[in-house]
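Residues: numbered from 1 along the sequence shown.
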Amino acid sequence: MPSRSRLASRPRAVIMQPTTQCLPMDCTYCYLPFRKTKHLMPTAVAEAAARSVNRWAAEDPAFEVVWHGGEPLATSREHLAALMAPFRGAKHSVQTNAALLDDAWCEFLLEHEVYVGVSIDGPEDMNTHRVTLAGRPGFHVAMRGIDRLHRHGIAFSAIAVVSDPDPADAARFYEFFAELGVTTLGVNVEETEGVNYHAPQADPARSTEFWAALADAWRSNPVIQLREMTRVMNFASAVLHSHTPASAPADMPWDPLPTIAYDGGVVMLSPELAGFTDKRFGDFTTGNVLRDGLDVLVAETEKRTPWITEFWKGVDACRATCPFFAFCGGAHPANRYFEHEGRFDGTRTRYCTTAKIALLEGVARHASAHRH
């Protein structure tokens with residue numbers, strides 16, 4: 001095991017779950033266990049979290065409070081404003097399905113200087129997994145909300161889930177987001193995670209071709225930042241210049257990334273574990289901000305969180321056996337847990353193969369084809 005600290009001494013962001021409810025969406029690939037139940041975060045939880053966050057934000061102007069996990073806009077403007085009120089100096093962002101966006105919400109986002117991320121999976125025929133609770137397609141509902149953002153001049157990023165990484169669709173997929181005018185696009189291959197037990201098993205070779213085709217499309221029209229391309233280019237730059245970029249997971253301490261659930265429970269490293277329980281590890285939480293300071297929980301994460309010890313064993317096994325470890329940094333906790341029958345010390349996951357290894361190989365293939 002490396003002698004350096006495994007975790008950074010403070011996070012760069014916290015994820016806050018203002019509600020578990022995903023109103024009005026019911027995406028077929030959603031991993032959240034309580035998405036049809038309206039649990040609301042009490043203001044006391046936000047106040048407790050803010051006591052540590054405000055100190056961190058005073059030292060780091062880029063510190064971010066991310067309202068995510070459930071649909072933040074289902075919380076109501078009044079309650080979300082009350083949850084945000086205790087925080088000082090941190091940047092706020094929401095990740096939304098856009099369905100509830102109206103003029104009043106847009107005015108709220110502008111007034112509170114909230115950065116917006118929209119979850120949408122591409123053109124209408126690629127967006128079929130995003131349906132409403134009534135079982136109807138969610139595409140046009142989301143696009144109405146996006147139109148509101150445009151009308152109010154609100155910039156936004158996007159996260160897309162790709163269930164079928166088909167290289168034939170990559171160019172049209174990219175151009176959809178380029179025409180939408182997003183600032184940044186993040187692409188997630190559908191994962192077997194949480195209550196999504198039946199994610200399709202994408203073919204690794206086809207996934208590699210998808211990433212290569214996506215890189216081609218981006219290179220032809222680089223009008224938006226593509227998160228995955230940035231990661232690969234940062235890694236390649238580090239290798240070529242023999243230095244370590246801040247984003248290289250293999251050489252940097254892991255960001256604790258505290259996720260604070262609606263009830264104050266804190267899950268470190270892996271937001272996707274929030275709301276689940278295990279016969280060996282209980283509810284995966286390190287503690288609760290209503291009982292202990294968030295700064296204390298971060299400082300004592302490894303002592304308080306038994307599953308993380310098992311996770312480090314898995315990371316070490318990846319380091320010892322996987323030629324892609326320098327780029328990937330080891331499979332993420334939730335992917336290991338849900339793909340390896342409740343174990344954190346397994347190594348390669350399907351998500352590693354299709355979203356990390358295939359990504360690196362696909363972009364390398366693109367670079368090789370455009371060397372001259």
Side-chain angles (χ1 to χ4, degrees), residues 13-27 30 32 34-43 45-47 49-50 53 64-88 90-122 124 127 130-134 136-161 176-177 179-186 224 259-262 271:
V14 297
I15 297 175
M16 302 286 290
Q17 184 185 52
T19 180
T20 55
Q21 194 174 32
C22 286
L23 190 74
M25 305 300 286
D26 187 23
C27 303
C30 185
L32 296 170
F34 303 125
R35 65 182 184 271
K36 296 181 182 180
T37 306
K38 189 174 184 177
H39 295 299
L40 277 177
M41 176 179 283
T43 55
V45 171
E47 291 165 355
V53 167
E64 190 173 10
V65 178
V66 182
W67 301 92
H68 185 29
E71 169 51 47
L73 306 193
T75 309
S76 86
R77 287 185 297 280
E78 295 76 13
H79 193 61
L80 189 57
L83 294 176
M84 289 179 171
F87 294 94
R88 300 286 183 272
K91 299 179 182 300
H92 289 277
S93 67
V94 297
Q95 188 66 35
T96 176
N97 59 41
L100 299 178
L101 280 169
D102 57 14
D103 291 330
W105 265 115
C106 288
E107 290 164 5
F108 175 96
L109 297 171
L110 288 168
E111 178 186 351
H112 291 83
E113 299 181 324
V114 180
Y115 189 79
V116 179
V118 172
S119 299
I120 187 168
D121 298 341
E124 186 171 3
N127 206 72
R130 300 190 62 80
V131 295
T132 68
L133 287 164
R136 298 188 180 94
F139 179 76
H140 292 290
V141 177
M143 290 299 291
R144 282 199 298 269
I146 289 171
D147 182 59
R148 297 279 186 175
L149 293 175
H150 282 305
R151 278 196 259 167
H152 285 265
I154 299 175
F156 61 98
S157 63
I159 294 177
V161 174
F176 170 82
F177 289 101
E179 293 173 7
L180 210 57
V182 303
T183 55
T184 304
L185 171 63
I224 60 177
T259 295
I260 303 175
Y262 75 94

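Residues V65 and V53 are in side-chain contact: their nearest non-hydrogen atoms beyond the backbone lie under 4.5 Å apart. Annotation: side chain of M16 is not in contact with side chain of Y262 (no heavy-atom distance under 4.5 Å). Between W67 and V114 the shortest side-chain heavy-atom distance does not fall below 4.5 Å. E124 places a side-chain heavy atom less than 4.5 Å from the side chain of H140. Here the side chains of T132 and D26 are not in contact, with every heavy-atom distance at 4.5 Å or above.
Distance alone, capped at 3.5 Å, is enough to place a donor-acceptor pair between the R88 side chain and the A85 backbone.
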Before giving the answer on side-chain contact (heavy atoms from CB on, under 4.5 Å), spell out for F108 and L110 the whole-Å C-alpha distance, their side-chain angles and the decisive distance to 0.1 Å. CA-CA 5 Å; F108 175 96; L110 288 168; over 6 Å; no

CA sep, side-chain torsions, deciding dist, call: L40, K38, side-chain contact (heavy atoms from CB on, under 4.5 Å): CA-CA 6 Å; L40 277 177; K38 189 174 184 177; 4.2 Å; yes

side-chain contact (heavy atoms from CB on, under 4.5 Å) for L133 and L23? Distances and angles first, verdict last. CA-CA 8 Å; L133 287 164; L23 190 74; 4.0 Å; yes

Apply ring pair (Phe, Tyr, Trp, His ring centres under 6.0 Å) to the pair H112 and F87, showing each step before the final yes or no. CA-CA 12 Å; H112 291 83; F87 294 94; over 10 Å; no

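With values rounded to the nearest 0.5 angstrom, K91 atom NZ is found 8.5 Å from E113 atom CD. One distance of note links OG1 of T75 with CE of M84; it measures 9.0 Å at 0.5 Å rounding. Between the CZ atom in R77 and the CG atom in L109 there is a gap of 10.0 Å [rounded to 0.5 Å]. Note: E78 CD to L80 CG = 10.0 Å, rounded to the nearest 0.5 Å. For the atom pair OG1 of T20 and CE of M41, the computed distance is 10.5 Å after rounding to the nearest 0.5 Å.
In terms of heavy-atom proximity, A46 sits nearest to L83 at CB-O, 3.3 Å. Nearest approach of I120 to F177, heavy atoms of both residues: O-CZ, 3.4 Å. For the pair N127 and D121, the tightest heavy-atom approach, listed with the atom from each and the gap, is OD1-N, 2.7 Å. Shortest non-hydrogen contact noted between T183 and A155 is CG2-CB, 4.0 Å. Contact detail for Q17 and G69: the closest heavy-atom pair is CG-O, 3.1 Å. Closest approach of C106 to I154, counting heavy atoms only: O-CD1, 3.6 Å.
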Identify each donor-acceptor pair in which a side-chain atom of residues 94-103 lies under 3.5 Å from a protein atom, sequence neighbours left out, and give them as a table.
{"residue": "Q95", "atom": "NE2", "partner": "V118", "partner atom": "O", "Å": "3.4"}
{"residue": "Q95", "atom": "NE2", "partner": "S119", "partner atom": "OG", "Å": "3.0"}
{"residue": "T96", "atom": "OG1", "partner": "E71", "partner atom": "OE1", "Å": "3.4"}
{"residue": "T96", "atom": "OG1", "partner": "E71", "partner atom": "OE2", "Å": "2.8"}
{"residue": "T96", "atom": "OG1", "partner": "A98", "partner atom": "N", "Å": "2.9"}
{"residue": "N97", "atom": "OD1", "partner": "A99", "partner atom": "N", "Å": "2.9"}
{"residue": "N97", "atom": "ND2", "partner": "E71", "partner atom": "OE1", "Å": "3.2"}
{"residue": "D102", "atom": "OD1", "partner": "A104", "partner atom": "N", "Å": "3.2"}
{"residue": "D102", "atom": "OD1", "partner": "W105", "partner atom": "N", "Å": "2.8"}
{"residue": "D103", "atom": "OD1", "partner": "R148", "partner atom": "NH1", "Å": "2.9"}
{"residue": "D103", "atom": "OD1", "partner": "H152", "partner atom": "NE2", "Å": "2.9"}
{"residue": "D103", "atom": "OD2", "partner": "R148", "partner atom": "NH1", "Å": "2.8"}

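Partners of S93 under the side chain to side chain donor-acceptor pair (under 3.5 Å) rule, at least two apart in sequence or in another chain, are E64. Judged as a side chain to side chain donor-acceptor pair (under 3.5 Å), and not counting sequence neighbours, H79 has no contacts.
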